[in-house]
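Presented below is the structure to which this report refers.
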Amino acid sequence: MIERVRAVLVTADGTMLVIRRTRPGIPEYWVLPGGGVEPGDESREAALHREIHEEIAGKADIVRLLHTMETDDERQLFYLARIATWSFDDRTGPEFSAEGRGEYALEEVPLTLERLDGIDLKPEEIAHVLRGAVGAGSLGVEASL
């Protein structure tokens, strides 16, 4: 089974970092930073730290597992994390040099229902989970910032 890890990266300003994907012939959409767990990763959390470093040259403190999605051949784990530093100019992931992958634009999105409803965050299931948590005030990371 393929495992992927992604993070809801909450900043000190109460925004979250998302990547706006623009690809030829496909409407733009947003994803959370993360990627596949590799054989050399010591743990899922180590894989997430590696992916955050590759994609946004950032360092994050993982707060907790927020949600898990599973199909017959893939498991995606979504973590809630606090992030203090990042640099989109220093990203190192292999996806950024591959031809035809489109654009990866880092954006800060306020953690509000209005703003979450204004982006096409994929997968839809995590967008639904986030909207529910933000609406209920139960995300839990805001008070500790």
Side-chain angles (χ1 to χ4, degrees), residues 1-136 138-139 141-142:
M1 174 176 288
I2 296 171
E3 283 196 322
R4 300 187 190 285
V5 289
R6 298 205 174 274
V8 176
L9 295 172
V10 180
T11 71
D13 294 331
T15 62
M16 74 171 176
L17 298 179
V18 292
I19 297 173
R20 180 173 38 89
R21 294 285 285 119
T22 307
R23 297 168 60 188
I26 299 173
E28 70 182 5
Y29 60 96
W30 287 255
V31 295
L32 298 171
V37 176
E38 297 178 358
D41 292 324
E42 292 182 16
S43 65
R44 294 170 180 144
E45 292 81 4
L48 186 58
H49 285 294
R50 177 185 48 74
E51 287 289 343
I52 291 168
H53 176 74
E54 288 177 0
E55 291 190 3
I56 61 173
K59 292 190 179 189
D61 294 320
I62 297 172
V63 176
R64 64 182 167 95
L65 181 64
L66 181 65
H67 187 68
T68 302
M69 288 176 44
E70 196 165 323
T71 63
D72 289 339
D73 58 349
E74 181 179 76
R75 178 181 300 128
Q76 290 194 67
L77 298 111
F78 296 87
Y79 289 86
L80 182 63
R82 287 189 293 278
I83 188 156
T85 62
W86 61 91
S87 170
F88 210 51
D89 295 330
D90 296 325
R91 59 192 177 175
T92 60
E95 61 269 32
F96 304 116
S97 58
E99 292 289 324
R101 295 291 305 254
E103 292 183 37
Y104 292 75
L106 185 66
E107 295 183 355
E108 282 186 72
V109 175
L111 273 170
T112 64
L113 287 177
E114 179 180 59
R115 191 60 178 108
L116 288 172
D117 287 342
I119 64 172
D120 185 13
L121 183 62
K122 302 287 187 189
E124 176 58 37
E125 186 173 326
I126 194 60
H128 179 74
V129 168
L130 274 175
R131 284 193 294 270
V134 168
S138 64
L139 201 53
V141 74
E142 302 89 347

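Predicted model, so just to flag it, every value in this text is computed and none were measured. The basis for the numbers below is simple: all heavy atoms, side chains too, and nothing from hydrogens, waters or symmetry mates. Note that the numbering runs from 1 along the sequence shown for the chain.
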Original post:
Is any side-chain heavy atom of E125 closer than 4.5 Å to a side-chain heavy atom of H67?
Top reply: yes
Original post:
About how many Å separate OH of Y79 and OG1 of T68, when rounded to the nearest 0.5 Å?
Top reply: 7.5 Å
**OP:** With sequence neighbours excluded, tell me which residues meet side-chain hydrogen bond (donor to acceptor under 3.5 Å, both in side chains) with K122.
**Re:** D120
Original post:
Between V18 and W30, which heavy-atom pair has the shortest distance, and what is it?
Top reply: CG2-CD1, 3.5 Å
**OP:** Side-chain contact test, heavy atoms from C-beta onward, threshold under 4.5 Å: evaluate it for I119 versus R20 and give yes or no.
**Re:** no
Original post:
Looking at side-chain heavy atoms only, is the closest gap between I62 and R64 below 4.5 Å?
Top reply: no
Original post:
Quick one: are V10 and V63 in side-chain contact, heavy atoms under 4.5 Å?
Top reply: no
Original post:
Does L113 reach the side chain of R131, with side-chain heavy atoms less than 4.5 Å apart?
Top reply: yes
Original post:
Do you know the tightest heavy-atom contact between V5 and R44?
Top reply: CG1-O, 3.8 Å
Original post:
If you take all heavy atoms of S87 and A57, which pair is closest and at what distance?
Top reply: O-CB, 3.4 Å
Subject >> Charged tip of R21 within 45° of Y104 ring normal and under 6.0 Å >> reply: yes
**OP:** Calculate, to the nearest 0.5 Å, the distance between atoms CD and CG belonging to E114 and L116 respectively.
**Re:** 10.5 Å
Original post:
In chain order, what residues pass the side chain to side chain contact (heavy atoms under 4.5 Å, CB included) check against R50, with sequence neighbours excluded?
Top reply: E38, D41, A47, E54
Original post:
Is there side-chain contact between L111 and T15, with at least one heavy-atom pair below 4.5 Å?
Top reply: no
Original post:
Where do L9 and P33 come nearest, in terms of heavy atoms and distance?
Top reply: CD1-CG, 3.7 Å
Subject >> Interatomic distance, L139 atom CG to L80 atom CG [nearest 0.5 angstrom] >> reply: 5.0 Å
**OP:** Sort out for me which residue in V129, L130, L17 forms a side-chain contact (heavy atoms from CB on, under 4.5 Å) with V8.
**Re:** L130
Subject >> Heavy-atom pair with the smallest gap, counting every atom of G34 and R6 >> reply: O-NH1, 3.4 Å
**OP:** To the nearest 0.5 Å, tell me how far E103 CD sits from R23 CZ.
**Re:** 12.5 Å
Subject >> Minimal non-hydrogen separation, G58 against I83, with atom names >> reply: CA-CD1, 4.2 Å
